[in-house]
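In what follows, a single structure is set out as structure tokens and then discussed.
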Amino acid sequence: MTIPHDQLRGLIDHARWFGGKGREWTLAGVRRVGELPDAPDGLHVTIDLAEIAYDDGTTDYYQLPLALYAEPQDRLSHALVGEWDDEDHGYAYVYDALHDRESMALWLAAFAAHGVDPARHHDVRGELMFHRLPGHDLDIEAHSTLFSGEQSNSSVAFGEDALMKVFRKVTPGVNPDIAIHQVLTEAGSTHVAALYGWLDLVDDDADGTNSTIQLAMLQQFLRTASDGWDLALASVRNLFAEADLHADEVGGDFAGEAARLGTALAEVHADLAEHFPVEQRGADAASALADAMAGRLDAALDVVPDLAPYADSLRATFGRLRELDGIDVQQVHGDLHLGQTLRTVKGWKIVDFEGEPAKPLAERLLPDSVWRDVAGMIRSFDYAPRVVAMTAGGVDIGGEAEQRAYRASEWAARNRAAFLEAYTAALGTALDGAAGTLLDAYLADKVVYEAVYEARNRPGWLSIPLAALEESS
Ligand SMILES: Nc1ncnc2c1ncn2[C@@H]1O[C@H](COP(=O)(O)OP(=O)(O)O)[C@@H](O)[C@H]1O
Ligand SMILES: O=P(O)(O)O[C@H]1O[C@H](CO)[C@@H](O[C@H]2O[C@H](CO)[C@@H](O)[C@H](O)[C@H]2O)[C@H](O)[C@H]1O
């Protein structure tokens, strides 16, 4: 019997990493693409690809690492996907392998055994290829722990040594997260976690050609790092707790960190400009970009009708971009926000160079303007105080909500200014007319993207981008 679709549908539908929420879809097929070598008796660790067909005719593929046990595993009851008569391995109790230390140990061992020697890149099934960069000995005794956060992919830490990110939505081609981490690691950048390795699926197409799907990456685990988003929220809470003090007078002021983030981003942009193509594009590129942004707005209006009152003003912002003589483009992060930054004792690190999860992979490695990343961070400086203000709750005694809104704006403006000043100073650029127009357009495009993202993933937070639009209208 092949894999029963109804059991997998439940897994996919409820997963945080499933990007098709809010759309009509069917599970069109499930294909086994790999199996990890050296599993003990009674266990098979497989990788399947689920084909999701949407009612608009488009298709996505999601990676499902599974653990097929001959016997039920009580310790994994929380990760049970179902039980069925597996085509390859007979009757099996099937679990999400990322929750299972036995299965993850096999993944790590495969990186250790097959990754470094090109002659041994191939796994026993001949489709999975484990790669490693030299310079780090993996701790193969380390136990795995699955991250529980809000993620588009799934991350598993191995002790204090390594972090493996398993890409969920996969597509043939180069994954920017791997490509960019490889370049920045080899360039000695101090602002990323070093890349240790990655896993490819070499897929034989029906016409006999090969295409590679990148399934996972393994990197340095920044175990003691603090998430930039959490640090920002803590700083806002400090400010809100001191009703009569300003941001610069409160202990947890974030402006120094915002400035250091600006410098870190500038250094990453400089490294990316050195190692990936840089182009100066003409007026056509500016107008094409404006059209793309306006197109995204039109599509967003169908999903979030609440955007309608702001549509004219947003279109005017994109219209100013259309008038520019040209734009400079290079490799950028593509989806930067505070949740993609980690504060370590050695400074800020930037993570997750995969770009915007909603975009096709091929588009995400295309050069873009650095102002896209700058806008992403600035939107995050706007989000953090609004989230704290929104969740502060309680009865509004004596205009507390109004006071909090005022202080939220103060926090956002202070950190935006510190970040921008440090960023432009480090690169020797200025936020002149054209750059200002670009930044405004990217800010508008991001707020539209956020409205759709929140409507689909966190409807309770849709008010955040809408409030930002209201404030600037
Ligand atoms: N090298 C690392 N060490 C420690 N934590 C990390 C590392 N890379 C990412 N993280 C944390 O893991 C979480 C998910 O990482 P991310 O790359 O953003 O995944 P996704 O692509 O699923 O969004 C984030 O909260 C991030 O702070
Ligand atoms: O981290 P991802 O690449 O999956 O990015 C997506 O999810 C983000 C939320 O986790 C989302 O970011 C938005 O919410 C953040 C707070 O949770 C906020 O700091 C960002 O400014 C805001 O855009 C991101 O847009 C989305 O692509």
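Just so you know, these numbers come straight off a predicted model, no measurement behind them. Note that ligands are numbered from 1 as they come in the structure, with each ligand's atoms numbered from 1 the same way. Residues: numbered from 1 along the sequence shown.
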Can you tell which of [options] gets a heavy atom nearest to [atom]?
atom	options	answer
atom 1 (N) of ligand 1	Q340, H337, Q220	Q220
atom 27 (O) of ligand 2	Y449, F381, W17	Y449
atom 2 (C) of ligand 1	N153, D335, L163, T344	L163
atom 15 (C) of ligand 2	R16, R458, E454, E450	R458
atom 3 (O) of ligand 2	L338, D335, N153, L233	D335
atom 10 (O) of ligand 2	F353, Y383, Y453, W461	Y453

Pick one: which of Q182, K165, Q219 meets side-chain hydrogen bond (donor to acceptor under 3.5 Å, both in side chains) with D177?
->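 Running side-chain hydrogen bond (donor to acceptor under 3.5 Å, both in side chains) over Q182, K165, Q219 with D177 returns exactly one hit, K165.
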Contact atoms of ligand 1, heavy-atom distance to [X] under 4.0 Å:
X	value
F147	11 (C), 12 (O)
V351	8 (N), 9 (C)
A193	1 (N)

Would H333 and D352 count as having a side-chain donor-acceptor pair, cut-off 3.5 Å?
->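 No - no donor-acceptor pair under 3.5 Å links their side chains.
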Please determine, by modelled atom types, if R386 and T391 share a side-chain donor-acceptor pair under 3.5 angstrom.
->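 Their side chains do not contain a donor-acceptor pair, so the 3.5 Å distance test is not met.
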Check whether any N or O atom of [X], backbone or side chain, sits under 3.5 Å from an N or O atom of ligand 1, and answer yes or no.
X	value
D177	no
S154	no
R223	no

In chain order, what residues pass the ring pair (Phe, Tyr, Trp, His ring centres under 6.0 Å) check against H337, with sequence neighbours excluded?
->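 By the ring pair (Phe, Tyr, Trp, His ring centres under 6.0 Å) rule, H337 matches no residue at all.
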Numbered atoms and elements of ligand 2 in range of [X], under 4.0 angstrom, heavy atoms:
X	answer
D352	3 (O)
W229	16 (C), 19 (O)
S152	2 (P), 4 (O)
R379	21 (O)

Just heavy atoms, cut-off under 4.0 Å: does Q340 contact ligand 2 by side chain, backbone, both, or neither?
-> side chain
So for K446 against ligand 2, with non-hydrogen atoms under 4.0 Å, the contacting part is side chain
So which pairs with a foot in residues 302-314 pass side-chain hydrogen bond (donor to acceptor under 3.5 Å, both in side chains), sequence neighbours left out?
-> Y310-E470
Are F158 and F221 an aromatic pair by the rule of ring centers under 6.0 Å?
-> no
Check: W198 ring centre within less than 6.0 Å of F130 ring centre =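 No, too far apart.
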the protein heavy atom lying closest to atom 23 (O) of ligand 1 turns out to be D352 OD2, 3.1 Å
